[in-house]
Amino acid sequence: MGKKIGIIGGLSPESTASYYLHITRSFVEMFGTYSYPEIIIYSVNLENYHQWRAANRWDLIAADMITIAEKLQTAGADFGLIATNTMHKVFDVVQQAIDLPLLHLIDATVEAIKAKNLATIGLLGTKYTMTDGFYTDRLDNNNLTTVVPVAEDQEIIHRIIVEELVRGQFLESSKRQYLSIIDKMKKNGAEGIILGCTEIPLLVHQDDCDIPLFDTAVIHAEAALKTALA
């Protein structure tokens, strides 16, 4: 049966659903049966997280995730995922406070980038992901140079995420804006692009670009399936 997967989800519901579907569908595709690993999902109060983030109360975010991780472990999870990029800002704080092992999304993404032998990578995500340093520092520690959009484009990326993508709205006009920004990053040296918000791959797809796109939701979900089956 493999190990049981615990997911801290709801950040947003759109991407959490994509994790669940990718894990289960990939298993069926690989093995032809429906004996995929058991998955326990705890869906958070997303409004709380938006308010805490806006107030710079990352301590409250970490405290809530610690409580949720403990509940997942009590429910039988053998390891866990924080199913979002931005909240990895508090990953280390959460992991140090709990016994449940967590799979780090950025580390899994680094492995995927290195597998393609890229050295300079573009990063899209919320403004926190692009500017707070927790993401770019981890990339830098793995000898990867990061290209981020200019401030004006960061605002566009962030607005579309919080006002459209987390609500399940995928507009063609927004896709065009994203692709324009990706083209600018490519001209600034990006050899590939991290879709560093787990909702972005629901809007922008590999077929839309001529450089590699790294779908962090898929990468993280695949790492979870691999761990569950190990």
Side-chain angles (χ1 to χ4, degrees), residues 11-15 18 46-58 61 82-91 105-106 109-110 112-113 116 118-220:
L11 296 155
S12 70
E14 299 296 326
S15 63
S18 76
L46 182 56
E47 183 62 28
N48 283 344
Y49 279 68
H50 282 178
Q51 292 182 9
W52 292 335
R53 188 175 65 182
N56 202 32
R57 292 301 305 272
W58 295 93
I61 290 173
I82 299 173
T84 173
N85 284 264
T86 298
M87 299 309 160
H88 274 67
K89 178 179 171 72
V90 297
F91 179 95
L105 180 152
I106 303 174
T109 302
V110 165
I113 295 168
K116 290 188 175 291
L118 305 185
T120 303
I121 194 76
L123 175 62
L124 298 180
T126 66
K127 62 183 178 182
Y128 308 97
T129 293
M130 292 184 285
T131 63
D132 275 11
F134 72 94
Y135 215 110
T136 54
D137 288 349
R138 208 167 186 102
L139 296 174
D140 183 64
N141 290 338
N142 284 278
N143 299 314
L144 293 171
T145 300
T146 309
V147 176
V148 297
V150 298
E152 180 182 356
D153 289 342
Q154 288 179 18
E155 292 298 325
I156 294 171
I157 294 293
H158 182 83
R159 180 192 61 76
I160 290 172
I161 291 170
V162 299
E163 294 182 7
E164 299 175 18
L165 304 188
V166 300
R167 298 178 180 179
Q169 298 175 10
F170 309 106
L171 306 181
E172 190 62 31
S173 58
S174 296
K175 174 186 267 193
R176 288 195 297 270
Q177 288 180 289
Y178 268 57
L179 293 178
S180 175
I181 293 169
I182 288 173
D183 188 58
K184 294 178 190 177
M185 297 168 75
K186 176 183 173 183
K187 291 176 181 177
N188 285 332
E191 301 169 311
I193 303 292
I194 298 172
L195 304 183
C197 171
T198 47
E199 287 78 35
I200 296 177
L202 302 173
L203 178 70
V204 178
H205 312 107
Q206 184 61 70
D207 290 345
D208 298 318
C209 298
D210 59 359
I211 60 175
L213 301 182
F214 294 90
D215 182 336
T216 51
V218 166
I219 290 169
H220 207 198

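Values in this document were obtained by computation on a predicted structure and should not be read as measured data.
- Remark: Thr84 pairs with no residue by the side chain to side chain donor-acceptor pair (under 3.5 Å) rule, at least two apart or across chains.
- Of all heavy-atom pairs between Ile193 and Ala190, the closest is CD1-CB, 4.0 Å.
- In this structure, Gln206 contributes its side chain and Phe214 its backbone to no donor-acceptor pair below 3.5 Å.
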Determine all donor-acceptor pairs shorter than 3.5 Å in which one atom belongs to a side chain in residues 140-152; sequence neighbours excluded.
unit_1 : atom_1 : unit_2 : atom_2 : d
Asn141 : ND2    : Asp137 : O      : 3.2
Asn142 : ND2    : Arg138 : O      : 2.8

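- For the atom pair CG of Leu213 and CD1 of Ile200, the computed distance is 10.0 Å after rounding to the nearest 0.5 Å.
- Between atom CE of residue Met87 and atom OG1 of residue Thr198 there is a gap of 10.0 Å, rounded to the nearest 0.5 Å.
- A tilted orientation is assigned to the rings of Tyr49 and Trp52, their planes being inclined by 30° to 60°.
- In terms of modelled atom types and a separation under 3.5 Å, the side chain of Gln154 and the main chain of Lys127 share no donor-acceptor contact.
- Legend: residues meeting side chain to side chain contact (heavy atoms under 4.5 Å, CB included) with Asp132, ordered by chain and number and at least two apart, are Trp58, Lys89, Tyr128, Phe134.
- For the atom pair Ile61 CD1 and Asn56 CG, the distance stands at 9.0 Å (nearest 0.5 Å).
- Partners of Asp208 under the side chain to side chain contact (heavy atoms under 4.5 Å, CB included) rule, at least two apart in sequence or in another chain, are Lys175, Leu179, Val204, His205.
- Thr216 contributes a side-chain N or O that, together with a main-chain N or O of Leu195, makes up a donor-acceptor pair within less than 3.5 Å.
- Ser18 places a side-chain N or O within 3.5 Å of a backbone atom of Ser15 that can act as its donor or acceptor partner.
- Between Pro212 and Leu118, the closest heavy-atom pair is CG-CD1, 4.4 Å.
- Between Ile181 atom CD1 and Ile156 atom CD1 the span is 5.0 Å, to the nearest 0.5 Å.
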Tell me which donor-acceptor pairs under 3.5 Å the side chains of residues 161-172 have, and how far apart each pair is, sequence neighbours excluded?
unit_1 : atom_1 : unit_2 : atom_2 : d
Glu164 : OE1    : Ser174 : OG     : 2.6
Glu164 : OE2    : Arg159 : NH1    : 3.4
Glu164 : OE2    : Ser174 : OG     : 3.4

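- For Thr109, there are no side chain to side chain donor-acceptor pair (under 3.5 Å) partners at least two apart in sequence or on another chain.
- Between Leu105 and Ile219 there is no side-chain heavy-atom pair separated by less than 4.5 Å.
- Side-chain contact check for Thr129 and Asn85: no donor-acceptor pair (N or O, by modelled atom type) lies under 3.5 Å.
- Atom OG1 in Thr120 sits 11.5 Å away from atom CE in Met185 (nearest 0.5 Å).
- Of all heavy-atom pairs spanning Glu199 and Ser12, the tightest one is OE2-OG, 2.7 Å.
- Residue Ile157 holds its CD1 atom at 7.0 Å from CD1 of Ile182, rounded to the nearest 0.5 Å.
- Residues His220 and Ile82 come closest through the heavy atom pair CE1-O, 3.4 Å.
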